[in-house]
Asks: 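Just dropping this structure here.
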Amino acid sequence: MNYPYVIEFRQALVAWFESEKRDLPWRHTTDPYKIWVSEVMLQQTRVDTVIPYYNRFMESFPTLEVLADAPQEYLLKHWEGLGYYSRARNLQAGVREVIETYGGVVPNNRHDISKLKGVGPYTAGAILSIAYNQPEHAVDGNVMRVLSRVLHIHEDIALPKTKKIFEEAVEQLIDPQHASSFNQGLMELGALICTPTSPKCLLCPVRDYCIAFHEGEPEKLPVKSKKVKMKHITYDVLVCEDADGRLLVEQRPETGLLANLWQFPMIEQGTETIEQWLQAYVTDVQTQQELLTFKHVFSHLTWQITAHYMRCQTPMEGEWLTREQIANLPMPVPMLKIFQAIQK
DNA sequence: AAACCGGGGTC
DNA sequence: GACCCAGGTTT
């Protein structure tokens, strides 16, 4: 790397971070467990979204031991609405590994910490640098955007192999004495100044050391190829209430989309008719009315949902639960929307 | 390397 | 609508 401003860049970035950093809940600690939780929550998730989840999570699971012993349903209830629910299950598996294999102490080296469930190259580097102040790279989307501009790197960041270029760049650039502030500074800069569409270069502490700024078009970087086709599925959702006020719910499979979360029964349009479903699962349907229709957008998937409400008899099989019981179950956001609609 | 895995904010 | 976000796992 023939970048001539290594020393100046380090000093300016660390000084700026120390002076301008936001006051965030996980910045009041260096407890590796708490840093770990915050980093997992922050994967593909904005700071403002994470803050209330992090605070509530720490109230309920203040230590790694408490989390290790928690029922998965209670854990998932704390993750409800955050998305990517495998993060929560992997996190719990990870803390259990730490207790069983490392005596309850989060490993302080990349080799061991990377073996933990849900801890990839980024999260490993983030914990090592932020909790242990070790000069390890932690390359996320922010870091690739910032360094693609500072170093004028035009490789396609959508390609997996490109990340190695940035990891090696961080290894050269990182301030060995201030690893925590350096890594957080790169991310903070990406979040506040070096933003995707309209970077605030006039406010940037490392503008003088940024090649893309000198070249004139920092907003053209990073290079990122396109992708993705959106799938569209139409569902009817059936909210069945019996004479005792119980509702029929079901748990989703333990793998795949929204694994282990609970829902009201869904019928994919074009497979089974509502009438066929009713004959198989409930008896003596009385009132039947349409509740609401809405669209829920996932990353690469759209659900078009029509929710129906009906009163019927309790049959032999199926989970019929009170509203209080259902309120304690983790449900995906579209189901929460429906549940909300029937709380009259 | 590509696909899968949520949800919300922004332009 | 498309893009992005303090990514990791599975195929």
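Small disclaimer: the values here were computed from a predicted structure and weren't measured. Lettering follows sequence order; numbering is per chain, from 1. Side-chain atoms are counted along with the backbone in the values below, which use heavy atoms only and exclude waters and symmetry mates.
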Asks: Just by distance, no angles: are the side chains of A:Arg87 and A:Thr45 close enough, under 3.5 Å, to form a donor-acceptor pair?
Replies: yes
Asks: Rounded to the Å, how far apart are A:Leu189 CG and C:dA6 C1'?
Replies: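 Atom CG in A:Leu189 sits about 14 Å away from atom C1' in C:dA6.
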Asks: Looking at every strand, decide which applies to A:Val119 at a 4.0 Å heavy-atom threshold: base, sugar-phosphate, or nothing.
Replies: sugar-phosphate
Asks: Is a donor from one side chain sitting under 3.5 angstrom from an acceptor on the other, for A:Glu250 and A:Gln263?
Replies: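 A donor-acceptor contact under 3.5 Å links the two side chains.
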Asks: Could you give the distance separating B:dG9 and C:dG8 at their P atoms, to the nearest angstrom?
Replies: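 Taking atom P in both C:dG8 and B:dG9, they lie 24 Å apart.
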Asks: Is the phosphate of C:dG7, meaning OP1 or OP2, less than 4.0 Å from a side-chain N or O of A:Gln44?
Replies: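 For C:dG7, OP1/OP2 do have a side-chain N/O of A:Gln44 under 4.0 Å.
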Asks: Taking atom types as modelled, is there a side-chain donor on A:Gln269 or A:Tyr235 under 3.5 Å from an acceptor on the other?
Replies: no
Asks: I'd like to know whether the aromatic ring centres of A:Phe61 and A:Tyr74 sit less than 6.0 Å apart in this structure.
Replies: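 Between A:Tyr74 and A:Phe61, which both carry aromatic rings, the centre distance is below 6.0 Å.
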Asks: Determine whether A:Ile157 and A:Leu186 fall in the same hydrophobic cluster, where Ile, Leu, Val, Met, Phe, Trp and Tyr are linked whenever their side-chain heavy atoms lie under 4.5 Å apart.
Replies: yes
Asks: Is it the case that the side chain of A:Arg145 and the backbone of A:Cys194 share a donor-acceptor pair, with hydrogens and angles ignored and the cut-off at 3.5 Å?
Replies: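 Judged by distance alone, yes, a pair lies under 3.5 Å.
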Asks: Would you say the ring centroid of A:Phe294 lies under 6.0 angstrom from that of A:His296?
Replies: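 No; A:His296 has its ring centre 6.0 Å or more from that of A:Phe294.
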Asks: Check the side chains of A:Ser181 and A:Glu18 for a donor-acceptor pair under 3.5 angstrom, ignoring hydrogens and angles.
Replies: yes
Asks: Taking any heavy-atom pair under 4.0 Å as a contact, classify A:Arg22: base, sugar-phosphate, or nothing.
Replies: base
Asks: C:dT9 and B:dG8: how far apart are their C1' atoms, nearest whole angstrom?
Replies: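 It works out to 23 Å between them.
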Asks: May I have the distance from A:Tyr122 (atom OH) to C:dC5 (atom P), rounded to whole angstrom?
Replies: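 From A:Tyr122 OH to C:dC5 P: 12 Å.
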Asks: In whole Å, what is the span from the CZ atom of A:Arg89 to the P atom of C:dT10?
Replies: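 Interatomic distance, CZ of A:Arg89 to P of C:dT10: 10 Å.
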Asks: Let me know the distance between CZ of A:Arg46 and P of C:dC4, rounded to the nearest Å.
Replies: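 Distance check: A:Arg46 CZ to C:dC4 P gives 11 Å.
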Asks: Across the strands shown, which category fits A:Trp26 at heavy-atom distances under 4.0 angstrom: base, sugar-phosphate, nothing?
Replies: base
Asks: So what does A:Leu301 touch, heavy atoms closer than 4.0 Å: a base, only the sugar-phosphate, or nothing?
Replies: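 Result for A:Leu301 = nothing.
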Asks: With a 4.0 Å limit, can you tell me whether A:Arg145 has a side-chain N or O closer than that to the phosphate oxygens OP1/OP2 of C:dC5?
Replies: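 Yes, within the criterion.
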Asks: If you look at every strand shown and take non-hydrogen atoms under 4.0 Å, does A:Ser299 touch a base, only sugar-phosphate, or nothing?
Replies: base
Asks: For A:Ser38, report the nucleic acid contact type (base, sugar-phosphate, nothing); a contact means any heavy atom under 4.0 Å.
Replies: nothing
Asks: For the pair made of CD in A:Glu97 and P in C:dG8, what is the distance, rounded to whole Å?
Replies: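 Atom CD in A:Glu97 sits about 15 Å away from atom P in C:dG8.
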Asks: Pick the closest DNA chain B nucleotide for A:Thr45 and for A:Pro160 by heavy atoms, then say which residue is nearer the 5' end.
Replies: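 Nearest nucleotide further toward 5': that of A:Pro160.
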Asks: Just the rounded figure in Å: distance from C1' of C:dA6 to OH of A:Tyr54.
Replies: 14 Å
Asks: In this structure, is the centre-to-centre distance between the rings of A:Tyr53 and A:Trp79 below 6.0 Å?
Replies: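 No, they do not, as the ring centres are separated by 6.0 Å or more.
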Asks: Of all nucleotides in DNA chain B that come within under 4.0 Å of a heavy atom of chain A, which is furthest toward the 5' end and which toward the 3' end?
Replies: B:dA1 to B:dG9
Asks: Report yes if at least one side-chain N or O of A:Lys224 is closer than 4.0 Å to OP1 or OP2 of C:dC4; otherwise report no.
Replies: yes
Asks: Please report the distance separating the C1' of C:dC4 from the corresponding atom of B:dC5, rounded so that it comes out in whole Å.
Replies: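 Here C:dC4 and B:dC5 have their C1' atoms 16 Å from each other.
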Asks: Please compare A:Met230 and A:Gln184 by the position of their nearest nucleotide in DNA chain C and report the one closer to 5'.
Replies: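 That would be A:Met230.
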Asks: Look at all strands and tell whether A:Gly190 reaches a base, only sugar-phosphate, or nothing, counting heavy atoms closer than 4.0 Å.
Replies: nothing
Asks: Return whichever of A:Ala259 or A:Ala158 has its heavy-atom-nearest nucleotide of DNA chain B closer to the 5' end.
Replies: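 Its nearest nucleotide lies further toward 5', so the answer is A:Ala158.
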Asks: C:dG8 P sits how many Å from A:Glu39 CD, rounded?
Replies: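 Distance check: A:Glu39 CD to C:dG8 P gives 9 Å.
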Asks: If I take atom CD1 in residue A:Ile127 and atom C1' in nucleotide C:dG8, what distance separates them, rounded to the nearest angstrom?
Replies: 13 Å
